[in-house]
Amino acid sequence: MSKVLFSCRSLTMKFGGLTALNKLDLDINEGDILGLVGPNGSGKTTFFNVVTGIYRPTDGQVVFDGYDITGFSPQAVFEAGISRTFQRSRLCLELSIFDNIMLGNFKTHNLGILGNIFRRKAFHKTCAEEIEKAVELIRLLNPALVGSIHRPVADLSMIDRRRIEICRALIGKPRLLFLDEPSAGMTHDETNQLMDEILAMKSDERRLTIVLIEHEMGIIGKVTTRCAVLNFGEKLCDGTYQSIVENPLVQEAYLGQEVTEDEV
Ligand SMILES: Nc1ncnc2c1ncn2[C@@H]1O[C@H](COP(=O)(O)OP(=O)(O)O)[C@@H](O)[C@H]1O
Ligand SMILES: [Mg+2]
């Protein structure tokens, strides 16, 4: 049986009178690609924000790899091994591809006291290693970008920007990766392309576990191993893709119709 890597119990986030996340219980097994779906405003991004330390939960508990990380700061959550991308792009457009990726690498960039004393040599070595790591990641997602890592991100297409955001999330070698609508603003074909790349990257890193927020149910069916459905901050159900699309509660949440590929 797979090991449970992440679990939350009764996770609740209230913004004043609005309950954005209500007593959420969720387990994620190591190696899963969990699809997190639900109508707009159902609490998906809030779940990411609460787990990654942007908001402190009103109630409940988050356990990652056996450790209670409830209420940890974003840095501490990242150091524990959870990285994320954002629904709205957070790249620094005037910085280069390499610099943007390195912004996600503060975990390994600290040379420590001894490193600082012998700084110059260590710094050169670290730089060379970091360029190598960044190139390795870029090669996985778009080999054509390898030769342009010092170009500003502003020159890139939307899909390449998304790729760079994913590289930035991966550079710190997370064990759990949260992707918040990585396909936002892309065409259907580009979305399919990016998802194929995510799958290829996942098979390269077998221990990586992914939570993917995505509206297109066809994509969810294609790439996920399990799904959870939120509605008004509550979990409607979780299970295989087939079981959630056949669930009457899910169909009701989506305008009382049968769930089809483009509706969610
Ligand atoms: N910082 C915040 N302050 C107040 N309300 C918020 C905040 N963040 C999210 N919400 C509200 O919480 C609900 C869930 O939002 P969100 O998690 O962004 O939904 P989703 O990602 O599923 O579309 C929405 O009603 C949203 O307006
Ligand atoms: Mg959202």
Side-chain angles (χ1 to χ4, degrees), residues 6-26 28 33-62 69-74 77 82-91 158-159 161-162 165-166 168-169 176-186 190-191 194-195 198 210-221 223-224 226-239 241 244-245 247 249-257 259-264:
F6 171 96
S7 61
C8 64
R9 291 289 172 268
S10 206
L11 195 62
T12 302
M13 184 70 222
K14 294 185 181 178
F15 297 109
L18 185 131
T19 305
L21 209 56
N22 198 5
K23 298 186 180 140
L24 178 69
D25 292 338
L26 187 65
I28 305 171
I33 302 184
L34 179 94
L36 189 60
V37 297
N40 272 335
S42 56
K44 304 178 300 293
T45 297
T46 301
F47 168 71
F48 280 8
N49 287 342
V50 167
V51 172
T52 57
I54 290 180
Y55 301 126
R56 201 184 174 85
T58 313
D59 196 14
Q61 192 190 28
V62 181
I69 61 161
T70 318
F72 272 27
S73 68
V77 173
I82 304 178
S83 281
R84 69 175 294 183
T85 64
F86 292 87
Q87 192 168 344
R88 293 205 182 138
S89 173
R90 300 263 176 115
L91 293 172
M158 180 61 84
I159 185 168
R161 291 183 191 185
R162 289 289 179 191
E165 286 183 277
I166 294 171
R168 181 170 65 184
L176 179 59
L177 174 66
F178 286 166
L179 299 173
D180 196 348
E181 294 191 39
S183 65
M186 294 199 301
E190 285 175 331
T191 301
L194 187 69
M195 292 301 156
I198 290 171
I210 297 176
V211 181
L212 170 70
I213 298 177
E214 168 58 46
H215 281 280
E216 243 189 82
M217 286 304 268
I219 298 285
I220 288 287
V223 304
T224 63
R226 278 188 62 240
C227 299
V229 186
L230 296 184
N231 196 29
F232 295 112
E234 293 187 6
K235 188 174 80 178
L236 274 187
C237 61
D238 58 358
Y241 171 74
I244 64 136
V245 291
N247 189 315
L249 287 174
V250 177
Q251 295 183 1
E252 204 176 303
Y254 290 107
L255 309 169
Q257 293 167 6
V259 179
T260 59
E261 296 209 342
D262 299 319
E263 265 178 300
V264 183

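No hydrogens, no waters, no symmetry mates; every other heavy atom, side chains included, goes into these values. Order of listing sets the numbers, starting from 1, for every ligand and every atom in it.
Between Phe48 and Phe86, the distance from one ring center to the other does not fall under 6.0 angstrom.
Distances below 4.0 Å separate heavy atoms of Ala20 from the following atoms of ligand 1: 12 (O), 13 (C). Interface atoms of ligand 1 facing Gly43, defined by a heavy-atom separation under 4.0 Å, are 14 (C), 17 (O), 19 (O), 20 (P), 22 (O). The distance from ligand 1 to the heavy atoms of Ser42 drops below 4.0 Å at these ligand atoms: 19 (O), 20 (P), 22 (O). Those atoms of ligand 1 with a heavy atom of Leu18 less than 4.0 angstrom away are 11 (C), 12 (O), 13 (C), 25 (O).
Counting heavy atoms only, Thr46 comes closest to atom 17 (O) of ligand 1 of the residues Leu21, Thr46, Leu36. When the heavy atoms of Phe15, Phe47, Phe232 are ranked by distance to atom 8 (N) of ligand 1, first place goes to Phe15.
For the Mg ion (ligand 2), the nearby protein N/O/S atoms, meaning those under 2.8 Å, are Thr45 OG1, Gln87 OE1.
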Which side-chain N or O atoms in residues 227-237 pair as donor and acceptor under 3.5 Å with protein atoms at least two apart or in another chain?
| from | atom 1 | to | atom 2 | distance (Å) |
| --- | --- | --- | --- | --- |
| Glu234 | OE2 | Asn22 | ND2 | 2.8 |
| Lys235 | NZ | Asp25 | O | 2.8 |
| Lys235 | NZ | Asp238 | OD2 | 3.2 |

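For atom 3 (N) of ligand 1, a protein heavy-atom neighbour is found at a distance under 4.0 Å.
When only non-hydrogen protein atoms are considered, atom 13 (C) of ligand 1 lies nearest to Gly41 O, 3.7 Å.
Formation of a donor-acceptor pair under 3.5 Å by the Thr46 side chain with backbone atoms of Ala20 is not found in this model.
In this pair, Phe6 and Phe178 present their aromatic rings perpendicular. The plane angle is above 60°, beyond the 30 to 60° band.
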